[in-house]
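A short write-up of the structure that comes next.
Lettering of chains follows the sequences in order, A, B, ..., and the numbering in each one begins at 1.
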Amino acid sequence: MKPFPRSFYERDPAKVARELLGKVLVHRSPEGTTIGKIVETEAYFGRGDPASRASRKRTKLNELMWWRGGLAFIYMVHAKWMFNVTVEREGTPGAVLIRALEPLDGIELMKSRRGVEDKKLLTSGPGRLTQAMGITYDHHKMDLTRSRVLTVLDDTFTNFKIARSHRIGVSADLKRKLRFFIRGNPFVSK
DNA sequence: TCCAGGATGTTCT
DNA sequence: GAACATCCTGGAC
């Protein structure tokens with residue numbers, strides 16, 4: 001297992017969102033290592049995508065969407081951290097939101113960070129998984145293709161079917177279905 | 001300095 | 001499925 005190269009990320013957001021399913025997110029923190037399989041993602045574009053933070057003016061908060069692919073893009077919604085990966089080449093905005101993981105390792109650490117025992121409640125939502133994995137704004141701009149701390153590894157989880165739907169929690173969505181998830185996986189958020 | 005809003009989560013019915 | 005707790009951010013003053 002090794003990290004994806006930048007060329008994996010510098011492509012169409014929907015394509016990257018779909019191909020991130022079944023891949024493995026690793027966070028090596030001072031408290032310990034937590035690992036989860038990605039089971040749910042959403043793609044966000046730039047101009048013309050009303051749900052995207054890049055459809056508005058470029059600011060300090062959203063500018064990472066214009067940067068090169070493969071970087072951790074983190075922001076807060078409803079007092080919860082959201083973990084995204086930048087996609088597309090520098091100058092073209094795009095990001096993929098990681099919405100849910102299946103816990104693989106470091107489960108006791110996830111439980112103590114979340115304050116719950118139920119494994120199903122650890123990482124089945126974008127705010128839940130950042131808390132369980134210990135991901136905060138400290139990881140903003142981190143390069144997932146190079147970092148040893150936070151990275152996405154290629155893996156061999158291929159035995160699953162992909163389903164798609166409209167994105168969740170957005171007030172105005174595109175016609176395209178841009179939420180991807182592993183069909184039947186119990187850790188998908190809805 | 002104030003304050004509305006937001007790619008949510010939890011706890012109710 | 002609906003109410004509401006949560007809290008940071010940037011723009012409005």
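- Spacing between atom OH of A:Tyr75 and atom C1' of B:dG5 amounts to 14 Å, rounded to whole angstrom units.
- With rounding to whole Å, A:Phe45 atom CZ is found 17 Å from B:dA7 atom P.
- Nearest to the side chain of A:Arg128, among C:dC8, C:dT6, B:dT10, sits B:dT10.
- Rounded to a whole Å, the CZ atom of A:Arg167 is 15 Å from the P atom of B:dG6.
- For the pair A:Asn84 CG and B:dA7 P, the interatomic distance rounds to 11 Å; values are reported in whole Å.
- Residues satisfying the side chain to side chain donor-acceptor pair (under 3.5 Å) criterion with A:Thr41, sequence neighbours excluded, are absent altogether.
- Within the structure, a side-chain polar atom (N or O) of A:Arg99 is placed less than 4.0 Å from OP1 or OP2 of B:dT8.
- What separates CH2 of A:Trp81 from P of B:dT8 is a distance of 15 Å, to the nearest Å.
- Within residues 172-190 of chain A, no residue has a heavy atom under 4.0 Å from DNA chain B.
- One hydrophobic cluster, built from ILVMFWY side chains closer than 4.5 Å, cannot hold both A:Val152 and A:Leu97; they sit in different ones.
- Residues A:Val116 and A:Lys111 fail the side-chain proximity criterion, which asks for heavy atoms closer than 4.5 Å.
- Between A:Arg114 and B:dT10, a side-chain N or O to OP1/OP2 separation shorter than 4.0 Å is present.
- In this structure, the side chain of A:Arg164 does not engage the main chain of A:Phe181 through any donor-acceptor pair within 3.5 Å.
- In this structure, the CE atom of A:Met82 is 14 Å from the P atom of C:dC7, given to the nearest Å.
- Between the A:Arg28 side chain and the A:Arg148 main chain, a donor and an acceptor come within less than 3.5 Å of each other.
- If you take NZ of A:Lys120 and C1' of B:dT10, they are 17 Å apart, rounded to a whole angstrom.
- A perpendicular orientation is assigned to the rings of A:His139 and A:His27, their planes being inclined by more than 60° (bins at 30° and 60°).
- The side chain of A:Val170 lies closest to B:dA7 when the candidates are B:dG9, B:dA7, C:dG10.
- At a threshold of 4.0 angstrom between heavy atoms, the contacts of A:Leu61 are confined to the sugar-phosphate backbone, with no base atom among them.
- Residue side chain A:His78 meets the stacking definition with respect to B:dG6: its ring centre sits within less than 5.5 angstrom of the base's six-membered ring centre, and the planes differ by less than 30 degrees.
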Quiz item: Could you write out DNA chain B as a dot-bracket string, with dots for unpaired bases, | for bases paired across to another strand, and Watson-Crick or G-U pairs counted at under 3.5 Å?
Solution: ||||||.|||||.
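- For the pair A:Lys80 and A:Tyr137, nearest-nucleotide mapping onto DNA chain C gives the more 5' position to A:Lys80.
- By the 4.0 Å N-to-carboxylate-O rule, A:Arg167 lies close enough to A:Asp49 to be salt-bridged with it.
- The closest side-chain heavy-atom distance from A:Leu178 to A:Phe45 is below 4.5 Å.
- Listed for the A:Arg113 side chain is a donor-acceptor partner under 3.5 Å among the backbone atoms of A:Met133.
- Here A:Glu40 does not pair with A:Lys190 in a salt bridge; the nearest charged N to carboxylate O distance is not below 4.0 Å.
- A straight line from NZ of A:Lys60 to C1' of C:dG10 spans 10 Å, rounded to a whole angstrom.
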